[in-house]
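What you see below is based on every heavy atom in this structure, not just the backbone, and it leaves out hydrogens, waters and symmetry mates. Each residue takes its place number in the sequence, starting with 1. Because the structure is predicted, anything quoted here is derived from the model rather than measured.
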Amino acid sequence: MIIPWQDLPAATLDNLIESFVLREGTDYGEESFSLAEKVAQVRQQLERGDVVILYSELHESVTIAPKQTISATKDATEF
């Protein structure tokens with residue numbers, strides 16, 4: 001299920017983005033960015049619609065994923 005980022009309280013959105021960028025395996029290439037810069041980059045991607053917030057009822061978890069990976073016909077709970 002796609003969760004509109006605009007529907008989340010600001011503090012919740014900030015915590016969600018921060019948790020996402022702190023996960024092991026989040027790759028930003030060879031450049032080094034501060035946590036604040038990474039959070040700002042993800043927020044900008046959400047605002048542009050490049051990424052979406054996904055909630056999985058099956059896994060009871062939340063993640064942020066590129067919008068292009070979410071097919072209109074695929075059940076977004078399968079992430």
Side-chain angles (χ1 to χ4, degrees):
M1 169 184 343
I2 296 175
I3 305 297
W5 64 269
Q6 303 92 328
D7 291 352
L8 297 175
T12 301
L13 181 60
D14 289 342
N15 289 335
L16 180 87
I17 295 171
E18 187 173 314
S19 172
F20 174 75
V21 299
L22 289 173
R23 289 183 196 157
E24 185 142 350
T26 303
D27 185 16
Y28 288 87
E30 293 182 19
E31 295 184 50
S32 180
F33 295 98
S34 70
L35 177 60
E37 290 170 319
K38 292 176 185 179
V39 168
Q41 289 174 359
V42 173
R43 181 181 291 279
Q44 289 171 354
Q45 291 172 352
L46 282 166
E47 291 171 356
R48 285 193 311 260
D50 297 338
V51 297
V52 295
I53 298 172
L54 296 175
Y55 171 70
S56 171
E57 291 181 42
L58 177 63
H59 300 105
E60 295 183 354
S61 62
V62 177
T63 195
I64 298 174
K67 187 174 184 178
Q68 71 233 25
T69 63
I70 309 302
S71 167
T73 59
K74 184 178 178 182
D75 181 2
T77 62
E78 295 178 5
F79 77 93

**Item:** Spatial distance of atom CD1 (Ile64) from atom CG (Leu16) [nearest 0.5 Å]
**Value:** 4.5 Å
**Prompt:** Is there a side-chain contact between Thr63 and Arg23, using heavy atoms and a 4.5 Å cut-off?
**Reply:** yes
**Prompt:** About how many Å separate CD1 of Ile17 and CH2 of Trp5, when rounded to the nearest 0.5 Å?
**Reply:** 8.5 Å
**Asked** Minimum heavy-atom separation for Val39 to Glu18, with atom names?
**Response** CG2-CA, 4.0 Å
**Complete:** All heavy atoms of Val42 vs all of Val21, minimum pair found to be CG2-CG1, 3.6 Å
**Asked** Less than 4.5 Å apart, any side-chain heavy atom of Val62 and any of Leu54?
**Response** no
**Prompt:** Do you know which of Asp7, Leu13, Ile2 makes side-chain contact (heavy atoms from CB on, under 4.5 Å) with Ile53?
**Reply:** Leu13
**Asked** Taking only residues at least two apart or on different chains, which pairs with a member in residues 42-51 satisfy salt bridge (charged side-chain N to carboxylate O under 4.0 Å, His left out)?
**Response** Asp14-Arg43, Arg48-Asp50
**Asked** Under 6.0 Å from the CD atom of Glu60, do we count more than 12 heavy atoms belonging to anything else shown?
**Response** no
